[in-house]
Colleague: 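Quick one: the structure is below, questions incoming.
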2 protein chains.
Amino acid sequence: MIESDELLSIRAAELYYEEDKTQDEIGSILRLTRWKVGRLLAQAKTNGFIRIEIVHPRARRLPIERRLREERGLKDAIVVSTAGITGEEELQARTAQAAADYLASIRPIPRTLGISWGRTLYEVSEHLKDGWSTGVNVVQINGGVSLNRRAGTAATTAVTIAQKAGGQATLLPSPAILERLETKLAIEGDRAVSAVLEMAATANAYLYSAGTADEHSVLVDSGYLTVDDVHELVRKGAVGDVVGRYIDADGNIVDPSLDARTVGLSHDRLRASDRSIAVIAGAGKHAVANAVVRSGLCTVLVTDEATALSLLDEH
Amino acid sequence: MIESDELLSIRAAELYYEEDKTQDEIGSILRLTRWKVGRLLAQAKTNGFIRIEIVHPRARRLPIERRLREERGLKDAIVVSTAGITGEEELQARTAQAAADYLASIRPIPRTLGISWGRTLYEVSEHLKDGWSTGVNVVQINGGVSLNRRAGTAATTAVTIAQKAGGQATLLPSPAILERLETKLAIEGDRAVSAVLEMAATANAYLYSAGTADEHSVLVDSGYLTVDDVHELVRKGAVGDVVGRYIDADGNIVDPSLDARTVGLSHDRLRASDRSIAVIAGAGKHAVANAVVRSGLCTVLVTDEATALSLLDEH
DNA sequence: GGCATGTTTGCTCATATGAGCAGGGATCGC
DNA sequence: GCGATCCCTGCTCATATGAGCAAACATGCC
């Protein structure tokens, strides 16, 4: 009966889902009462034989989002579906789109939005549609100009987001990491920088991504760190960086002296915000994502299905 | 509107299929009437955004079966799902299982069943359950003993099928292909052989598979043909063999002189039967399957989803 | 601008489906 | 062998859903 019921439930499911028969019709085909058919169908669902997928670039995974909220204590979670995905690129695009959608939907509308920079943020800015909001000012929360190869995109990101919302962009005119602590303190003391940092500290919401701790990190690409520096950080437990600061699996700063030379919003300030949105997607970022969530760096996470599932596993 | 409706339909689908909300509830969440929600859901289905799969080794694809019946004129078609499949092996197992199920279900129960031999048929015999029928006699419809490495399984197949149905197995005591036509005619003249062939010709139903025309063909493995022989057959248009006889894409005998030396039921006799069941699955067998169906060699086809779809494409 | 056409909307009504319950039957322990 | 228990079955009833339709709306054409 255990066996035959399972088989029957599959036959019923075929007729119900593929042939669009009513449970009554199925009943007469399989010589069962329609209640029995209903139960077989319910059983097939319970046993996981029926897989329903929403195949669309904008599709999300609500049940996973809910679990992230409940089990990982997030205020909100956006999980994009990976159904029908073709490559890492598309995954990034979907996630960026979802982040843009989310950003446009938050109420109350933040007057000031603090953002980091990087490929992810740039993509988010591109996916925002013109007029996504009204009068949102954007401020950079970590340094990065000049030394950085991607200086252009860092500035463009902030300007694009602000422009599309009809607001102003404020850039942080400072390198991400200084070689000497004194220089860092000096630059922080400069009015042009301190004013921006102050503005960043009082932003209503934050939007940022995280980087991996490996040779492909943006901070290596940008020339702030050498590959050896990163290896050393990894040895000390680094899993990735958030707004230029490297953290370990528990979210703690890995190298305090390096951190002291890093210009930008502190993680404590980020943790104090009730609207800090992290956008982290991709197979390589599971570890950072976990650290970010575990240590409460973000209240909202925008990510992909695979990363989300890993977060629920780790837990 | 085109855009936003599509997005809305995805949001509605998420709530409906993943969160088990009622259309009414979704209406109040998305600020729509429940009728609008119903329409969005219908739209999402029509657009193919909702993919429902039945994931189970015994799952079949009824809509494809129907199309095979309608578009390719089959009396019946059994198409096993490839959802969640891990390898060629599992595909063969599923198809064999389906063939066994079908065999057990046909009414009226055939008094005599003619079968071929080979890996596929062997697997079908293994998947049949004891007592699958009552008093079905089994007769081999093509030669193959002695020369054949798998002689054992050929006999075992017939005996197993018969035994499990409480019937008798009759083996065809002849090689598949003779080197000289005279020998073939002589052996056919022998009472022990002709009696079996006669029985085969009057069977109520047939169950057979088909082989590919390449170096891995069973007839090569068995030593009846050399690799060069097969290459030559392919050059002449062979796509595969059915009960030891090679056919081209239209189902015609490729090499009449070879065919004349082949012992077993003729294709014409097979075509005359109203219950000839072909079991053909696997990526390599799309071409033979098409030839078999096109030329009316079978009235019933048991196959896998991918092969079935190729049959519908070719058409 | 005004009319005709086609599309979308909100509805009524018929139907399909799921929850919950009482009775019947199998199963288990003693 | 007998009773108690559990599970399964078939039901009633409430709810969810889809078909079909008329009104409202947009659209294009003169």
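The sequence lines fix the lettering, A, B, ..., with proteins before strands; numbering per chain opens at 1.
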Colleague: Going by the side chain to side chain contact (heavy atoms under 4.5 Å, CB included) test, name the single residue among A:Leu62, A:Leu68, A:Val302, A:Leu311 that passes it with A:Val79.
Modeller: A:Leu68
Colleague: Mind calculating the distance between CD (A:Glu25) and P (C:dT15) to the nearest angstrom?
Modeller: 13 Å
Colleague: Provide, to the nearest angstrom, the distance between the NZ atom belonging to B:Lys36 and the C1' atom belonging to D:dG18.
Modeller: 16 Å
Colleague: Just how far, in rounded Å, is C1' of C:dA14 from CG of A:Asp24?
Modeller: 14 Å
Colleague: Is A:Tyr208 close to A:Val292 at the side-chain level, that is, under 4.5 Å between some pair of heavy atoms?
Modeller: yes
Colleague: Does this structure show an ion pair linking A:Arg119 with A:Glu123, if we count only N-O contacts that are shorter than 4.0 Å?
Modeller: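 Judged by the 4.0 Å cut-off on N to carboxylate O distance, A:Arg119 and A:Glu123 do form a salt bridge.
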Colleague: Looking at D:dT17, I'd like to know if its phosphate oxygens (OP1 or OP2) sit under 4.0 Å from a side-chain N or O belonging to B:Thr22.
Modeller: yes
Colleague: Distance check needed: C:dT9 P versus B:Leu8 CG, whole Å only.
Modeller: 11 Å
Colleague: Please tell me which of A:Tyr16 and A:Arg39 maps to the more 5' nucleotide of DNA chain C, matching each residue to the nucleotide holding its nearest heavy atom.
Modeller: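 Here A:Tyr16 is the residue nearer the 5' end.
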Colleague: What integer distance in Å separates B:Ile26:CD1 from D:dG18:P?
Modeller: 11 Å
Colleague: Where the side chain of A:Arg34 is concerned, which of C:dT9, C:dC13, C:dG18 is the nearest nucleotide?
Modeller: C:dG18
Colleague: Would you please test B:Thr307 and B:Asp304 for side chain to side chain donor-acceptor pair (under 3.5 Å) and show each step?
Modeller: CA-CA 5 Å; B:Thr307 305; B:Asp304 65 281; 2.5 Å; yes
Colleague: How long is the line joining CG of A:Asp20 and C1' of C:dT15, in whole Å?
Modeller: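 That distance rounds to 15 Å.
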Colleague: Hey, is the side chain of A:Gln23 poking within less than 4.0 Å of OP1 or OP2 on C:dG18, counting only N and O atoms?
Modeller: yes
Colleague: Please state how far atom NZ in A:Lys21 lies from atom P in C:dT17, giving the value in whole angstrom units.
Modeller: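 The answer, rounded to whole Å, is 13 Å.
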Colleague: Taking atom types as they are modelled, would you say the side chain of B:Trp35 forms a donor-acceptor pair with the base of C:dT12 within the 3.5 Å cutoff?
Modeller: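 By the distance-only test, yes, there is a pair.
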Colleague: Using whole Å, report how far CZ of A:Arg31 lies from P of D:dT9.
Modeller: 17 Å
